[in-house]
Novice: 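Take this structure first; my questions come after.
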Amino acid sequence: MPLNYSQDDMEDYANENDSDEQFNEDNLNDEDYNTLYELLPKVKEQTDGKYRNLDDQKIKELLWMNYFSIDDTIEEIKRSYKRKKVASNFAKPSPDEVHNEVSQVTKGVSQLKVAEEKNNRSVKKVNATKPKTKINIQKAIAQKAKKPNLSFIMIGHVDSGKSTMIGRLLYDLHIVDSKVMHKLTQESERIGKPSFSLAWVMDQTPEERERGVTVDICETQFETDKGRYTVIDSPGHKDYVPQMINGVTQADIAVMIVDIASFKSGFGDNGQTKEHLTIAKSLGIDNCIICINKMDSIGWDKEMFDSVKGELDDFLMEELHFKPANLKFVPTSGYLGDNIVKRSQNCSWYNGKVLMELLEDANASIKEVVDKKSEFAMTVNDLQKGGREGELTIGGRIHSGTIQPGETIVISPTNESGVVDGITVTSTPVGTFKMQKKTAQLAIRSEFVDLKLKKVENPDDILIGDVATKPGHYIKPVKEFKCDINCFNLNRPLLVGTPFILFRGNISIPCRLKSIDYVVTASGKMNKKRKHLASSSSGLVNIEVLDRSIPMFTFKQDTKLGRVVLRRDGKTIGAGKVVGLVTHKTE
Ligand SMILES: Nc1nc2c(ncn2[C@@H]2O[C@H](COP(=O)(O)OP(=O)(O)OP(=O)(O)O)[C@@H](O)[C@H]2O)c(=O)[nH]1
């Protein structure tokens with residue numbers, strides 16, 4: 001593709017040519033020819049050592065295909081290597097670069113326009129209101145920064161010991177007292193499941209206790225001298241992966257629990273170990289603590305620990321592209337409490353940190369508690385009707401920005417609004433055994449809060465998954481968006497028209513593959529003719545939401561909420577980054 005072409009030429013090129021067109025340097029004009037030879041050594045230098053076996057001809061071809069952009073070419077080279085892996089985390093294409101690609105491809109889709117340029121006429125105007133009490137916000141933020149809130153989720157194959165681990169953590173931190181434990185032990189013994197007493201601290205519904213299986217996420221807040229924490233328990237059973245995805249979207253880091261005694265079944269294709277890790281990475285979790293658990297059941301065998309650690313390390317680094325420094329492995333027994341809060345006496349060969357110390361390190365590494373550039377946004381995760389008309393309490397994690405009582409919020413997709421009447425934060429300080437509900441004059445990013453709202457016209461229109469912002473920053477809902485997608489685990493190809501369930505934040509909604517702009521072929525070429533995606537392939541696609549319009553973010557706007565996961569037939573089949581929101585002219 002020549003460099004100095006006009007926009008019209010580029011459109012013609014996009015419409016008329018496909019990626020199968022052969023590169024022939026004899027046909028280049030002088031300027032393009034010179035550019036090619038100037039850039040070739042630069043690409044070689046930057047990819048040398050990592051991506052060998054690429055000959056000059058192939059690099060020239062890739063440079064040409066990518067309009068002589070070094071970054072895009074290197075990205076293409078990386079992608080072609082990535083596709084050799086079973087799963088992918090679509091690690092790097094920079095949002096800007098993807099955005100550029102999209103703005104070129106969207107030119108060909110003539111009926112559509114990128115929605116970010118807004119059509120807000122139909123949206124009722126909601127005015128901002130001032131906080132009830134004037135406070136020194138900087139001082140209040142600085143105060144909160146002394147104890148940031150780290151949210152971590154326990155993930156892992158069914159029965160690996162997630163709930164037991166949390167029960168043990170809370171018990172050893174003196175958050176759950178011995179009276180509660182004694183009661184739970186008696187109750188679990190009564191139904192013949194004594195080993196579940198610790199798990200019952202988190203598994204609270206009769207269904208969960210009877211079946212010994214967690215079916216939904218459950219979160220608990222606690223506070224140590226150094227930091228605040230939210231621990232999220234998630235189900236390991238394959239039928240409850242959607243609930244697990246919901247939990248991941250509210251977490252900063254993941255704690256993967258692996259049952260060493262049945263590692264193979266959990267790690268195989270039918271197990272959830274790989275699926276949970278892939279989902280976590282796809283949804284933006286970059287740090288993972290891996291507890292190799294139930295070590296008591298194999299006599300704390302170091303060789304077995306090393307072998308399982310090796311297999312997991314390979315998968316996490318090579319296929320999911322975790323950075324080695326962001327992975328921490330601990331040998332644990334959640335049941336007996338080894339290496340959770342207290343150091344194990346049974347495992348002299350392990351000199352690393354225990355789970356709680358690793359969580360403290362992760363908490364201490366939170367640098368900025370509020371990103372000053374980002375506006376308030378919160379996904380609604382819980383709803384409680386108020387006693388009076390127009391009252392409603394919404395619960396959730398503040399995703400970005402700050403909020404104070406007295407301020408008005410507006411909720412997408414219905415444009416309902418309400419005035420924040422009060423903010424409550426819940427936590428149990430270590431050693432007190434008492435959950436405290438505190439009212440707050442200010443709540444900030446990463447806190448789990450309940451916002452009591454008043455003056456809500458139609459409370460019934462607000463649903464879980466809706467997004468609250470301040471007036472002027474309303475997220476316009478869309479029914480279609482462009483997505484840079486990676487597919488894995490497909491039994492049969494994903495064709496245009498195929499329906500699937502899309503997960504974004506805590507929303508899960510039926511969607512279909514509306515069209516494919518291009519597929520990246522096995523040889524690393526962009527193919528604009530292909531109308532299906534195969535396993536381990538990637539591409540730029542249009543996704544249509546089938547039920548209703550939903551609030552969406554691009555990856556450029558928000559690196560967490562701008563990500564989606566696709567599931568079909570009970571399997572996770574792909575993940576992607578949203579690169580453009582699309583509205584039809586008639587909308
Ligand atoms: N030997 C041994 N057994 C454990 C350990 N941790 C948990 N268990 C047992 O494993 C079984 C399952 O524990 P849970 O904590 O319910 O497992 P889970 O991962 O939360 O289960 P789901 O949420 O349903 O996937 C229970 O019988 C536990 O007592 C451990 O460290 N050692």
Side-chain angles (χ1 to χ4, degrees), residues 152-172 176 181 184-185 187-220 231-248 251 254-263 265-267 270-277 279-280 289-301 304-305 308 329-347 350 354-356:
F152 60 98
I153 181 165
M154 295 283 176
I155 57 175
H157 187 62
V158 67
D159 278 351
S160 51
K162 300 177 286 299
S163 306
T164 304
M165 180 76 73
I166 303 176
R168 169 58 72 180
L169 185 75
L170 298 182
Y171 182 66
D172 285 357
V176 175
M181 276 322 303
L184 292 177
T185 308
E187 285 172 14
S188 55
E189 276 171 356
R190 203 176 310 135
I191 66 157
K193 291 188 171 178
S195 71
F196 279 91
S197 53
L198 279 163
W200 280 14
V201 173
M202 295 307 281
D203 291 344
Q204 289 161 356
T205 66
E207 189 193 1
E208 288 175 321
R209 290 184 172 183
E210 214 165 280
R211 293 177 57 196
V213 168
T214 308
V215 299
D216 203 352
I217 56 165
C218 168
E219 68 206 29
T220 296
V231 51
I232 303 172
D233 191 12
S234 74
H237 195 279
K238 61 178 173 8
D239 290 351
Y240 304 110
V241 171
Q243 286 80 347
M244 176 267 174
I245 293 176
N246 181 11
V248 170
V255 178
M256 163 51 78
I257 311 292
V258 177
D259 175 355
I260 193 156
S262 53
F263 173 68
S265 56
F267 198 60
N270 292 322
Q272 266 52 60
T273 307
K274 283 183 182 170
E275 184 174 22
H276 280 195
L277 288 169
I279 289 170
I289 299 171
I290 301 105
C291 293
I292 303 204
N293 197 32
K294 305 198 186 179
M295 286 295 295
D296 56 293
S297 67
I298 55 138
W300 297 90
D301 183 335
M304 238 174 118
F305 173 87
V308 164
F329 288 84
V330 203
T332 56
S333 167
Y335 192 60
L336 299 177
D338 290 54
N339 289 338
I340 313 300
V341 175
K342 298 177 209 148
R343 182 159 293 282
S344 172
Q345 302 302 313
N346 299 308
C347 178
Y350 177 71
V354 303
L355 173 63
M356 192 58 214

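In listed order, ligands and their atoms are each counted from 1.
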Novice: Please confirm whether S160 approaches ligand 1 to less than 4.0 Å, judged on its heavy atoms.
Specialist: yes

Novice: Any side-chain donor paired with an acceptor under 3.5 Å for S163 and D233?
Specialist: yes

Novice: Any side-chain heavy atom of L355 within less than 4.5 Å of one from I289?
Specialist: yes

Novice: Is the backbone of D259 close enough, under 3.5 Å, to the side chain of N293 for a donor and an acceptor to pair up by distance?
Specialist: no

Novice: If you measure every N/O of S297 against every N/O of ligand 1, is any gap under 3.5 Å?
Specialist: no

Novice: Is it true that N346 and D338 share a donor-acceptor pair across their side chains at a distance under 3.5 Å?
Specialist: yes

Novice: With respect to P235, determine whether any N or O atom, backbone or side chain, lies less than 3.5 Å from an N or O atom of ligand 1.
Specialist: no

Novice: List every atom of ligand 1 that sits less than 4.0 Å from any heavy atom of T164, numbering the atoms from 1 in the order shown and giving each element.
Specialist: 6 (N), 7 (C), 13 (O), 14 (P), 15 (O), 28 (C)

Novice: Identify the two heavy atoms, one from H157 and one from Q272, that lie closest to each other, and give their separation to 0.1 Å.
Specialist: ND1-N, 3.1 Å

Novice: Distance under 4.0 Å to a non-hydrogen atom of D296: what atoms of ligand 1 satisfy this?
Specialist: 1 (N), 2 (C), 30 (C), 31 (O), 32 (N)

Novice: Counting only heavy atoms closer than 4.0 Å, does ligand 1 sit against the backbone of D259, its side chain, both, or neither?
Specialist: neither

Novice: What I want to know is whether K294 and ligand 1 share at least one N or O pair that is separated by under 3.5 angstrom.
Specialist: yes

Novice: List ligand 1 atoms under 4.0 Å from K162, heavy atoms only on the residue side.
Specialist: 15 (O), 17 (O), 18 (P), 19 (O), 20 (O), 22 (P), 23 (O), 25 (O)

Novice: To the nearest 0.5 angstrom, please state how far the CG atom of N246 sits from the OG atom of S234.
Specialist: 10.5 Å

Novice: Is there at least one pair of N or O atoms, one from D233 and one from ligand 1, spaced under 3.5 Å apart?
Specialist: no

Novice: Kindly confirm or rule out an N or O of L336 lying under 3.5 angstrom from an N or O of ligand 1.
Specialist: no

Novice: Please answer whether the main-chain N or O of P331 pairs with a side-chain N or O of N339 as donor and acceptor at a distance below 3.5 Å.
Specialist: yes

